[in-house]
There are 4 protein chains.
Amino acid sequence: MNNSDKCDDIMQAAMELIAERGFHDAPMSEIAQKAHVAAGTIYRYFENKEVLINELFQEIEDKMMDILLGNYPLGKPVKEQFFYVFGELCRYLITHPLHFRYMEQYFNSPYGISKRRDKLLGKNINRDGHDTLTGIFEEGISHQILKDLPIIVLSSLAIGPMLYLIRDHTLGFVELEESLIRQITEACWDAIKK
Amino acid sequence: MNNSDKCDDIMQAAMELIAERGFHDAPMSEIAQKAHVAAGTIYRYFENKEVLINELFQEIEDKMMDILLGNYPLGKPVKEQFFYVFGELCRYLITHPLHFRYMEQYFNSPYGISKRRDKLLGKNINRDGHDTLTGIFEEGISHQILKDLPIIVLSSLAIGPMLYLIRDHTLGFVELEESLIRQITEACWDAIKK
Amino acid sequence: MNNSDKCDDIMQAAMELIAERGFHDAPMSEIAQKAHVAAGTIYRYFENKEVLINELFQEIEDKMMDILLGNYPLGKPVKEQFFYVFGELCRYLITHPLHFRYMEQYFNSPYGISKRRDKLLGKNINRDGHDTLTGIFEEGISHQILKDLPIIVLSSLAIGPMLYLIRDHTLGFVELEESLIRQITEACWDAIKK
Amino acid sequence: MNNSDKCDDIMQAAMELIAERGFHDAPMSEIAQKAHVAAGTIYRYFENKEVLINELFQEIEDKMMDILLGNYPLGKPVKEQFFYVFGELCRYLITHPLHFRYMEQYFNSPYGISKRRDKLLGKNINRDGHDTLTGIFEEGISHQILKDLPIIVLSSLAIGPMLYLIRDHTLGFVELEESLIRQITEACWDAIKK
DNA sequence: AATGAATGAGGTTTCATTCAT
DNA sequence: TATGAATGAAACCTCATTCAT
């Protein structure tokens, strides 16, 4: 319990520092300081910086998935499923700007080279046997509801704009309130629907 | 000529290294080595690393703008203008994957903090008095052709998917050939059109 | 104790190197080597080279002041006070040639630009409410014992020769033994007395 | 003639830069620039930086000696000779602050390690068979006019204060006008006279 | 288990000097 | 003779990682 406290402190400190300043401006010593822990202590919990970074990514991903899958409208129409996933993801990232910044850093770095957006939103979402964005798209295509495009293309059309807009939101360029989110969801739906 | 050569060699080497491995893993010494130049030589052409990075950005931007503005369909319908910009940009980035990777690194780093995507694609494109993406959107909105959304939102809907897809293309996850580009353009148009 | 040791080793090494060869020929790496310490270790104790240099100066100044103020003949006649300060300072610098050389380097460098000789020997000596060279001179002038010249002139007349002679002493050009010091003190007194 | 022009330009530029900023902040490239000459050209006239620095010193010394020896009151009383040398030297340094700064830098650097003040004012002054400060002192001692102290001590008593005061003058701490110079000369004479 | 001082490789940058033109 | 681009050693400093306590 003491252990896990320290571990959490380290992860929290690391996430904040990295989200705010990027990987190359987040020294282990400063992470340690921020976590009220000695520099060497970090290495009892994480073999090295890369491992810490990857575990941080994993943790955020897991949390996101928990929320996304919590009330997933299983068996509902494709459109409803899409609106649900889009809206939840959007709200999650807006209310967790640190997670969003961290993910951005991660995917734009050598660390995240192997886990691109599509993997995250495609493969991993089907954890626990639940449906996935991929699933939504496949179903939509086969039901002639969605355009007959490669899944990866549909997924970019559906998710790409949102990620850019959330960045703009965190930078203060737009205010993404509920009604605007709704409109954007509609627009993305227009992009993928037949 | 000799001058140009060395300077070009340095810029080329820097761009490749940075595009492939990011700013913080592209040491000046290695850039020099790759450019077949002594470390100190770089500093005859660029005051410091930051200047090199920014000039590299500027060069890419200029080249892109030259192509984008070359055959710009001035005075043509909004839809045609949009298809032109989208297609040209897409083709440019696909044929210049290093430029694309470099721009990604740049915009996701402190260096590019002030020149975000929207600025690039919004403000700067109106060089030489030409129309701009922003211009296209404004005209489209006022003619009731496009959805009445903030420009920044339209721009994300229009460009966001493409940027993700080009990344996937450079990673070998999709093959963006001409017909697919056409379909994506259509889909993005669907997203923004009324 | 270990701490102190390393820090002292670094300061000692730095002082020796700088005193012997000047600031610009005393690389941090060599200081480290001389102190039997890794280069990076220096930066645990001193933020950068400038800080190290300034702390070294401060340390020397403090030691000198401790000695100068130790048996200060408070309330005694001006002449006695002058002879005390002159003699003590002279003896201190002769027995601490490294300190002397360091101070010379320091005052003849950008580092010491703000703390010139006069400040050192004028203002700072009045720590702990004690009298100062300036004080001695002011009292002497008002009592018509000393020449009515600007303090800064008196201070040069009083101290200038000594500093040159100590340099010559450290270089082996003169042997400043007690009786000669006495004579020099007398001569300097002749220079300033009415 | 062209040659010697370039050579003069280089020396002038070097002197100014070094006097103002010190040896270690006067890069050859900048000296070249200031002299409107290519970097490599300097090396046609001076084997390396050290040689340039030493020749610069020599040149200044020669100019000073020319002036000092120009109207030297040969055969006049010791006191008059002393007043002459002191006054001339003082005036020269005040009217040639760059020379003064350069000399200061020089004597406080490894370059000038072998040519200390005493050498300058003692040995070298007897160029052309003229009398010297040393000569003045020797004569003064033997005539019982001056204190019976080592020449080097007398020379420090006589010259030390002036050098400090000129520094203070160039720094704006005192204004050394003619009447003050006279008073200081008197004071220094008091220091050395029996 | 925890500490944090110590390490030292490696980063950016400067600059005296050389040499092809 | 003059040029100035090129060199590369060496300076200062950072930081991931180790290890004695």
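Separating the CG atom of A:Asp5 from the C1' atom of E:dA1 is a distance of 14 Å, rounded to the nearest angstrom. Rounded to whole angstrom, the span from the CD1 atom of A:Ile10 across to the P atom of E:dA1 amounts to 12 Å. In this structure, B:His36 atom NE2 and F:dG8 atom P are separated by 14 Å, rounded to whole Å. If you measure from atom CZ of B:Arg44 to atom P of F:dG8, you get 15 Å, rounded to the nearest angstrom. Distance, A:Leu17 CG to F:dC15 C1': 13 Å, rounded to whole Å. Counting to the nearest Å, the P atom of F:dA2 and the CZ atom of D:Phe46 are 12 Å from each other. Regarding C:Ile31, its CD1 atom lies at a distance of 10 Å from the P atom of F:dC13, rounded to whole Å. Atom NZ of A:Lys34 and atom C1' of E:dG4 are 20 Å apart (whole Å).
Between the side chain of D:Tyr45 and the main chain of D:Ile10, no donor-acceptor pair closer than 3.5 Å is present.
Listed by chain and residue number, nothing satisfies the ring-ring contact (aromatic ring centres under 6.0 Å, His included) test with B:Phe100 (two or more places apart in sequence, or in another chain). For C:His99, the side-chain hydrogen bond (donor to acceptor under 3.5 Å, both in side chains) partners are C:Tyr92, not counting sequence neighbours. With sequence neighbours left out, the side-chain hydrogen bond (donor to acceptor under 3.5 Å, both in side chains) criterion links C:Glu59 to no other residue. Residues that satisfy the salt bridge (charged side-chain N to carboxylate O under 4.0 Å, His left out) test with B:Lys34, not counting sequence neighbours, are B:Glu16. Evaluation of the ring-ring contact (aromatic ring centres under 6.0 Å, His included) rule for C:His36 yields no partner, not counting sequence neighbours. Remark: C:Arg21 pairs with C:Asp25, C:Glu30 by the salt bridge (charged side-chain N to carboxylate O under 4.0 Å, His left out) rule, at least two apart or across chains. Residues forming a salt bridge (charged side-chain N to carboxylate O under 4.0 Å, His left out) with B:Glu55 (at least two apart in sequence, or on another chain): none.
Residue whose closest nucleotide on DNA chain F sits further toward the 5' end, between B:Ile42 and C:Glu50: B:Ile42. If you find the closest nucleotide of DNA chain E to B:Thr41 and to C:Ala38, the one lying nearer the 5' end belongs to C:Ala38.
Where pairing requires Watson-Crick or G-U contacts shorter than 3.5 Å, the helical stems of DNA chain F with at least three consecutive pairs are E:2-21 with F:2-21.
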What pairs of nitrogen or oxygen atoms, one from the protein and one from nucleotides 9-12 of chain E, lie under 3.5 Å apart?
unit_1, atom_1, unit_2, atom_2, d
E:dT12, OP1, B:Lys49, NZ, 2.5
E:dT12, OP2, B:Met28, N, 2.7

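Ring centroids of D:Phe107 and D:Phe57 are separated by less than 6.0 Å, placing the two rings close together.
If you check E:dT7, E:dT3, E:dA2 against the side chain of C:Lys6, the one that comes closest is E:dT7.
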